[in-house]
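Accompanying notes for the structure given below.
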Amino acid sequence: MTSAVLSTQTLTPELLRAWAWHRQGLDGSLIGKTSEEVLDRAGWARSVGGANPYLTLFARAGIRREQVDRDVAELRIHELPTARGCTYVLGRNDFAWGLQVGRDAAAAPFKVLARLGVERGEITLLEEQVLHTLTESSDPMDPKQLRDELGESVRSLGEEGKKKGAATTLPTALGLLQADGRIRRVPVNGRLDQQRYAYTSWVLPPSPIDHDAARALLLERYLRWTGGATFKQSQWFTAFTVAQSKAALAAVGAVEVTTAAGERLWMLPDDVERLSAFKAPQEEQIQLLAGTDSLVLLRRNSADMLAGEDRGRKVLDTTLALQADLSDHPILNRGRIIGLWQYDPGKERIAAWTFAKPTAAVAARIAEVERWIREDLGDFRSYSLELARVAAETH
């Protein structure tokens, strides 16, 4: 138990926004760090076929796409299914236990397959055939190539299967093999934002910790990345049951604090100590982030990032404060959302909308990110249409 005492009155929305900003390394404290170090300190980067992983690393450490792609190719970082079965880009020290906490999600499709008359033994045999095929192949193979090679071993589940999101038995086999670290999914062109996937065999050493320890480790990371979260927010990210969440909180020695708004946050003891001495920065700190950035996505609390006078603002007839997820990418100053942005690839420019007239610092950062997108990415994809195909094939 920490000896620090936090005054409820001091834990204002303004202070907590700045604190989360700091814990996410968006204040410049991660400049010069490697991709692995950023993902360890700020949190895994959600990868839904878009450019968020690139901007995550550029915003915090100035890392350019060429270096990120090199880190992916050399397996310093990799995109894997983990918490809730969702894909994130992780550092290599997290590969094994990260897969471990997502394994239940990989097995979930069996409920659907069982109703369609597919037995576990059939999938086990298909897993072995897929693994043998990939091991014998000199190049990664995409799902179509695997289907062609495996022939009748991949069973079509007909119209009923399509309705239930399981057109064939292959996606379940691929998901289980990936969750076990026996195969891995690689982007065909090496880029995280223009994904067409292929698969290659892999021999990832298993996680050395048990499931309880893995859940505790995930919750410890989550609380460290966020600087504190509500019980409900932690459950959204982890998908733990109430009992699992309580056990993990106890295992990491988390403590509960009450904010000035009456919200109850769970925090790590060391963070309570740090927050008690934390002072919000006085100078502007401007960042343009993706709508799926860890700052926004880990707690899905974008409304908390709006100042009181901005909570009633509307975009496309929708009040910003009422949205769990943002309609566009946020522009922020020390954790406070001050506007939204999108990239126009036709005009090669950022279209930005700010609540007030942009300061010189805001205009400068918009120009910097605009230039980076033009030079490194060519476009800023929020969500790849390719993902729909990938999801159908692999989930």
Side-chain angles (χ1 to χ4, degrees), residues 12-31 42 45-46 50-52 54-62 261 280-383:
T12 62
E14 293 78 15
L15 181 69
L16 291 170
R17 283 196 291 264
W19 167 246
W21 182 259
H22 167 66
R23 296 304 291 154
Q24 278 287 302
L26 289 161
D27 55 358
S29 57
L30 295 181
I31 293 295
R46 186 75 169 97
N52 174 57
Y54 291 122
L55 185 52
T56 290
L57 296 168
F58 178 73
R60 290 164 173 83
Q282 298 301 306
E283 301 296 324
E284 286 181 286
Q285 294 177 351
I286 308 300
Q287 294 282 5
L288 277 68
L289 301 177
T292 50
D293 186 88
S294 293
L295 179 72
V296 180
L297 187 70
L298 286 175
R299 293 186 292 175
R300 297 187 74 193
N301 66 331
S302 57
D304 295 338
M305 300 176 193
L306 294 165
E309 62 267 30
D310 297 324
R311 293 177 66 85
R313 294 183 185 274
K314 292 187 176 183
V315 176
L316 299 177
D317 295 326
T318 301
T319 302
L320 286 175
L322 298 180
Q323 299 181 87
D325 302 301
L326 293 169
S327 58
D328 288 301
H329 308 304
I331 304 171
L332 303 105
N333 178 13
R334 292 163 289 179
R336 172 186 170 182
I337 295 175
I338 60 171
L340 302 172
W341 69 278
Q342 282 285 356
Y343 186 74
D344 183 341
K347 296 181 179 179
E348 296 187 327
R349 62 180 294 271
I350 284 176
W353 173 63
T354 53
F355 303 155
K357 182 179 178 180
T359 64
V362 172
R365 188 56 180 170
I366 289 174
E368 289 171 355
V369 174
E370 183 177 88
R371 183 167 56 253
W372 168 73
I373 294 174
R374 192 163 52 238
E375 294 175 354
D376 282 32
L377 306 182
D379 191 4
F380 194 84
R381 299 167 185 264
S382 302
Y383 182 94

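Side chain to side chain, D27 and Q285 fail the donor-acceptor criterion of an N or O pair below 3.5 Å. Donor-acceptor pairing under 3.5 Å is recorded for the side chains of H329 and S382. No donor-acceptor contact under 3.5 angstrom links the side chains of R60 and Q287, judged on distance only.
Here the side chains of N52 and L297 are not in contact, with every heavy-atom distance at 4.5 Å or above. Counting only heavy atoms from C-beta outward, the side chains of W21 and L332 approach each other to under 4.5 Å.
Within the structure, the salt bridge (charged side-chain N to carboxylate O under 4.0 Å, His left out) test picks out the following pairs touching residues 329-342 (sequence neighbours left out): E309-R336, D310-R336. Sorted by first and then second residue, the salt bridge (charged side-chain N to carboxylate O under 4.0 Å, His left out) pairs involving residues 364-374 (not counting sequence neighbours) are R365-E368, E370-R374.
Test V369, L288, L377, I373 against Y343 for side chain to side chain contact (heavy atoms under 4.5 Å, CB included) and you get one pass: I373.
Atom-to-atom distance recorded for T12:OG1 and W19:CH2 is 13.5 Å, nearest 0.5 angstrom.
Legend: residues meeting side-chain hydrogen bond (donor to acceptor under 3.5 Å, both in side chains) with N333, ordered by chain and number and at least two apart, are absent. Residues passing the side-chain contact (heavy atoms from CB on, under 4.5 Å) test with A20, sequence neighbours excluded: L295, R299. Here E283 pairs with nothing under the salt bridge (charged side-chain N to carboxylate O under 4.0 Å, His left out) rule; sequence neighbours left out. Scanning for side-chain contact (heavy atoms from CB on, under 4.5 Å) contacts around K357 gives an empty result, with sequence neighbours left out.
Minimum interatomic distance between L340 and P330 (heavy atoms only, all atoms of both residues): CD2-CA, 4.1 Å. Minimum heavy-atom separation, G62 to I31: N-CD1, 4.3 Å. In this structure, P345 and G378 approach most closely via the heavy-atom pair CB-O, 4.3 Å.
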Legend entry - Pair F355-I337, side chain to side chain contact (heavy atoms under 4.5 Å, CB included): steps then yes or no: CA-CA 9 Å; F355 303 155; I337 295 175; 4.2 Å; yes
